[in-house]
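So the structure is just underneath, and the comments pick up after that.
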Amino acid sequence: MPQESHLERERRGKIARWRAEGREPFPWSFPDRTLIREVRALTSSLAPGEEVAGRTVRVAGRLLTIRSHGGTSFIDLEDASGTLQLLLTVHELGEAFYTSWLADLDPGDIVGAIGLPAVSRRGEPSLRIQSLELLAKAIAPPPEKFHGLQDPEERIRRRYLDLMSSAESRERFRLRSLLTREIRGYFDRAGFLEVETPILLRVAGGAAAAPFVTRSRYLDSELQLRISIELSLKQLLIGGLERVYEIGRCFRNEDLDSTHSPEFTMLELYWAYADYHDMRRLMEGLFERLGTRMLEWQPDSEAARSAAQLFRPPFATLDFVQALEERSGIRDLLSRPTPELGELARRCGATVPADSPPGVFLDKLFEHYVEPTIDRPTFVVDHPASTTPLAKRHRSLPGRVERFEIHYRGFEIGNCYTELNDPDEQERRFQEQLTARGEERYAYDAEFVEALRHGMPPATGIGFGIERIVMALTGAKSIKDVILFPQVRSR
RNA sequence: GGGCCCGUAGCUCAGGCCGGCAGAGCAGGCGGCUCUUAACCGCAAGGUCAGGGGUUCAAAUCCCCUCGGGCCCGCCA
């Protein structure tokens with residue numbers, strides 16, 4: 001931590017003075033607290049200059065500012081429910097208490113206050129103070145009272161400073177929690193069972209991403225941190241749990257950017273005897289509900305208003321191949337040889353290895369020609385089979401799989417398939433992934449293929465990033481704004 | 001990993017192009033002020049200009065390297 005500043009020496013001096021007078025600067029509790037929001041409500045019917053007679057309340061929170069006018073002083077106090085002005089007069093408190101309290105308190109201190117709810121002469125809801133108590137001295141000073149903490153690096157490294165100085169930041173993380181709970185409730189009501197499956201695996205599969213690798217001292221073997229939840233959850237379908245989901249951390253050994261973080265929270269859900277059409281309806285219902293709830297929580301938020309307005313079923317649909325052919329002017333995409341697709345992808349700026357499987361090039365072309373044109377919630381459907389080794393082939397479109405992605409605000413927030421459940425075809429698709437390029441894309445998971453051989457009911461499954469949903473609904477521009485402690489380099 | 005930009009007091013920021021005493025506001029100290037709310041007024045204090053090296057009589061400023069961050073690209077359901 002930084003060297004102690006003169007501010008901190010000053011504050012330590014105040015602690016010493018506090019102790020010398022027999023007062024404890026870090027007491028144990030502050031019982032019978034009333035929330036600031038409730039105190040403000042008590043003052044709502046008062047006229048300026050009035051107070052609630054004979055009704056003493058106790059509030060506690062962080063001291064924000066002190067405005068001292070000689071014989072009268074004002075302190076702004078903040079708890080999780082709001083802010084409240086404390087009103088102190090030398091007349092009511094007496095010379096000794098008044099001066100010592102003002103001298104020994106600083107912005108950032110945690111303070112308990114006892115007084116009468118009142119409204120100041122200028123109309124501000126207040127607490128007319130009878131007694132104050134220091135509950136925890138802040139030795140280090142808080143961020144600047146008006147501008148707060150601006151440095152994006154410090155806001156992440158010392159998130160507590162960001163939170164204490166930014167109600168907006170606190171609100172964004174509160175919304176993340178509310179949204180997660182809402183998602184849970186929606187799937188619970190639909191009859192899905194929440195489960196927990198391993199994070200430490202011998203083979204991390206189910207997605208094309210590099211895993212973090214660690215080691216077990218007891219098994220004397222390498223373990224990988226999961227990159228998706230897919231293969232574990234499908235084994236539960238084989239076991240007879242017909243509707244399951246998990247919300248949990250996944251890890252991918254990659255760089256961060258505005259929509260990716262090496263550790264992030266995934267929601268995956270699998271549904272036996274249903275297909276991707278059923279999943280579309282389930283998702284439309286979920287997003288409609290999230291939009292409605294956001295508007296209840298945040299009636300003034302632009303992002304919430306547009307979500308509530310746009311998340312109305314049925315969402316727009318774009319056929320992957322048809323949309324790409326239309327917007328790029330390239331015909332017969334699926335019958336073109338792989339090297340030609342590679343050349344087309346390179347021509348629109350993609351830098352991908354020339355020996356990649358065709359699906360990689362098609363994804364790049366789609367990103368270039370179609371994705372930027374998607375501005376409202378849209379299902380992109382029926383991808384070329386080569387893009388997706390874990391999805392079931394399309395029942396009527398050759399060369400395609402039954403899949404949809406939900407796009408909104410320029411990025412993908414969810415990905416669904418009718419699941420591949422033919423073990424022999426699954427094995428073939430895994431093999432193709434291995435041979436298509438020198439390095440592995442989807443890891444070959446022999447235990448998963450073995451499980452499939454015991455029969456997995458026809459099913460649909462979806463995965464989406466909780467952070468992406470929170471971003472979409474709160475209007476956050478970076479994934480770091482919706483993760484409390486994003487990865488940072490040590491310094 | 002590549003390109004561009006940024007790092008000055010505890011916090012928010014000037015100064016940098018054109019080298020010449022290190023600046024302001026908030027917070028803190030001292031003094032004043034009995035209804036303010038980014039309170040106000042006066043005085044004094046506060047610096048490893050991210051770190052290291054170089055050019056120069058002289059470097060926060062110009063050059064090089066390192067560290068950290070931001071944006072874009074790459075990697076990436």
Side-chain angles (χ1 to χ4, degrees), chain A residues 1-11 13-14 48-49 64-76 83-92 98 103 106-108 118-126 128 138-158 161 165 206-210 227-230 250 252-262 264 266 268 349-353 360 363 367 383 387-391 403 405-406 411-417 439 441-442 461-465 468 477-478 480 488-491:
Chain A
M1 275 286 106
Q3 260 192 346
E4 200 150 281
S5 67
H6 66 286
L7 295 174
E8 297 176 354
R9 284 195 299 276
E10 202 64 54
R11 286 164 179 242
K14 292 177 184 180
L64 300 179
T65 62
I66 302 174
R67 295 179 294 282
S68 174
H69 294 252
T72 298
S73 292
F74 304 91
I75 288 175
D76 289 339
T83 65
L84 183 67
Q85 170 173 278
L86 310 182
L87 202 161
L88 296 77
T89 63
V90 66
H91 171 71
E92 284 173 291
Y98 181 79
D106 291 293
V119 170
S120 76
R121 275 180 230 158
R122 294 291 177 88
E124 177 73 18
S126 304
R128 188 171 282 281
I139 292 162
E144 208 256 2
K145 66 180 176 187
F146 185 63
H147 298 92
L149 191 64
Q150 295 298 322
D151 181 347
E153 179 178 356
E154 287 302 309
R155 291 180 54 197
I156 290 171
R157 283 187 193 271
R158 300 200 277 170
L161 293 181
S165 63
I227 56 176
S228 83
I229 319 178
E230 175 151 1
C250 288
R252 297 186 179 182
N253 207 332
E254 296 156 0
D255 208 356
L256 320 75
D257 65 26
S258 60
T259 55
H260 296 83
S261 166
F264 63 103
M266 183 96 97
E268 292 201 36
T351 53
V352 279
V360 171
D363 274 335
E367 267 172 43
H383 298 57
T387 62
T388 318
L390 293 161
R403 172 181 176 189
E405 295 174 301
I406 307 171
F411 50 87
E412 176 201 332
I413 53 182
N415 186 23
C416 162
Y417 321 135
E439 71 186 88
R441 288 182 53 75
Y442 283 73
I462 190 163
F464 48 74
R468 301 257 179 114
K477 295 202 168 44
S478 168
K480 291 177 203 154
V488 282
R489 290 173 198 271
S490 64
R491 58 176 174 191

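What you see is a predicted model; the values in this text were computed from it and never measured. Here is how names work: the chains are called A, B, and so on, in the same order as the sequence lines, proteins then strands, and each is numbered from 1.
Across all strands, Gln85(A) comes closer than 4.0 Å to base atoms (heavy-atom distances). Leu161(A) comes within 4.0 angstrom of no nucleic acid atom, judged by non-hydrogen atoms across all strands. Among the heavy atoms of the strands, none lies under 4.0 Å from Arg155(A). No contact: Gly108(A) has no heavy atom under 4.0 Å from any strand. Among the atoms of the strands shown, base atoms are found under 4.0 Å from some heavy atom of Asp257(A). Across all strands, Arg468(A) comes closer than 4.0 Å to no nucleic acid atom at all (heavy-atom distances). At a threshold of 4.0 angstrom between heavy atoms, the contacts of Lys477(A) with the nucleic acid are absent.
In this structure, Asp76(A) and Gly148(A) both approach RNA chain B, and ranking their closest nucleotides by distance from the 5' end singles out Gly148(A). The residue among Gln150(A) and Gly70(A) whose nearest nucleotide of RNA chain B lies closer to the 5′ end is Gln150(A).
Here Glu230(A) pairs with Lys234(A) under the salt bridge (Lys or Arg N to Asp or Glu O under 4.0 Å) rule; sequence neighbours left out. Listed by chain and residue number, Arg158(A), Arg491(A) satisfy the salt bridge (Lys or Arg N to Asp or Glu O under 4.0 Å) test with Glu154(A) (two or more places apart in sequence, or in another chain).
Taking every side-chain heavy atom of Thr89(A) into account, U34(B) is the closest of U34(B), G25(B), G28(B). Of the candidate nucleotides C35(B), U12(B), A27(B), A27(B) has the atom lying nearest to any side-chain atom of Leu7(A). Side-chain proximity of Lys480(A) to U37(B), U12(B), G70(B): nearest is G70(B). Distance from the side chain of Thr72(A) is smallest to U34(B) among U34(B), G10(B), C76(B). In this structure, of C11(B), U34(B), U37(B), it is U34(B) that holds the atom nearest to the side chain of His91(A). For Pro143(A), whose side chain is taken as the heavy atoms from C-beta onward, the closest listed nucleotide among A27(B), U34(B), C11(B) is C11(B). Distance from the side chain of Glu124(A) is smallest to U37(B) among A38(B), A27(B), U37(B). Side-chain proximity of Glu254(A) to C35(B), C75(B), G29(B): nearest is C75(B). Distances from the side chain of Pro107(A) to the nucleotides C76(B), A27(B), G68(B) place A27(B) closest. When the nucleotides C35(B), C76(B), G28(B) are ranked by their closest atom to the side chain of Ser120(A), C35(B) comes out on top.
One C1' atom belongs to C17(B), the other to C72(B), and the distance between them is 25 Å to the nearest Å. Atom P of A22(B) sits at a distance of 15 Å from the matching atom of A9(B), rounded to the whole Å. Taking atom C1' on both nucleotides, C57(B) is separated from G19(B) by 12 Å, rounded to a whole Å. Distance noted for atom P between C65(B) and A27(B): 42 Å (whole Å). Taking the P atom of each, C49(B) and C62(B) are spaced 16 Å apart, rounded to whole Å. The gap from the C1' atom of C35(B) to that of G29(B) amounts to 26 Å, rounded to the nearest Å. Comparing the P positions of G15(B) and G53(B) gives a spacing of 28 Å, expressed to the nearest Å. Distance check on atom C1': G23(B) versus G69(B) gives 25 Å, rounded to whole Å.
Judged by distance alone, with hydrogens and angles left aside, the side-chain atoms of Glu268(A) form a donor-acceptor pair with the main-chain N or O of Ile229(A) at under 3.5 Å. No donor-acceptor distance shorter than 3.5 angstrom exists from the side chain of Ser261(A) to the backbone of Phe264(A), with no hydrogens or angles considered. Remark: the backbone N or O of Asn415(A) is not paired with any side-chain donor or acceptor of Arg403(A) at under 3.5 angstrom. Between the Arg468(A) side chain and the Gly414(A) main chain, no donor and acceptor come within less than 3.5 Å of each other.
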Show which side-chain atoms of residues 65-72 of chain A pair as donor or acceptor with protein atoms under 3.5 Å away, not counting sequence neighbours.
from	atom 1	to	atom 2	distance (Å)
Thr65(A)	OG1	Arg67(A)	NH1	3.3
Thr65(A)	OG1	Asp76(A)	OD2	3.1
Arg67(A)	NH1	Asp76(A)	OD2	2.9
Arg67(A)	NH2	Asp76(A)	OD1	3.2
Arg67(A)	NH2	Gln85(A)	OE1	3.0
Ser68(A)	OG	Ser73(A)	OG	3.2

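Distance Leu256(A) CG to G68(B) P: 13 Å, rounded to the nearest Å. In this structure, His69(A) places its NE2 atom 7 Å from P of U37(B), rounding to the nearest Å.
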Could you spell out the base pairing of RNA chain B as a dot-bracket line? Use Watson-Crick and G-U wobble contacts where both distances are under 3.5 Å, [ ] for crossing pairs, | for partners on a different strand. (((((((..((((......[..))))..((((.......))))......(((((..]....))))))))))))....

Is there any protein nitrogen or oxygen under 3.5 Å from a nitrogen or oxygen in nucleotides 1-4 of chain B, and what are the pairs?
from	atom 1	to	atom 2	distance (Å)
G1(B)	O6	Asp255(A)	OD2	3.3

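Under the 3.5 Å distance criterion, with hydrogens and angles disregarded, no donor-acceptor pair is assigned to the side chains of Gln150(A) and His147(A).
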B/S/- contact track for nucleotides 40-47 of chain B, protein heavy atom under 4.0 Å: ------S-

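Nearest approach of Lys477(A) to Ser258(A), heavy atoms of both residues: O-CB, 3.9 Å.
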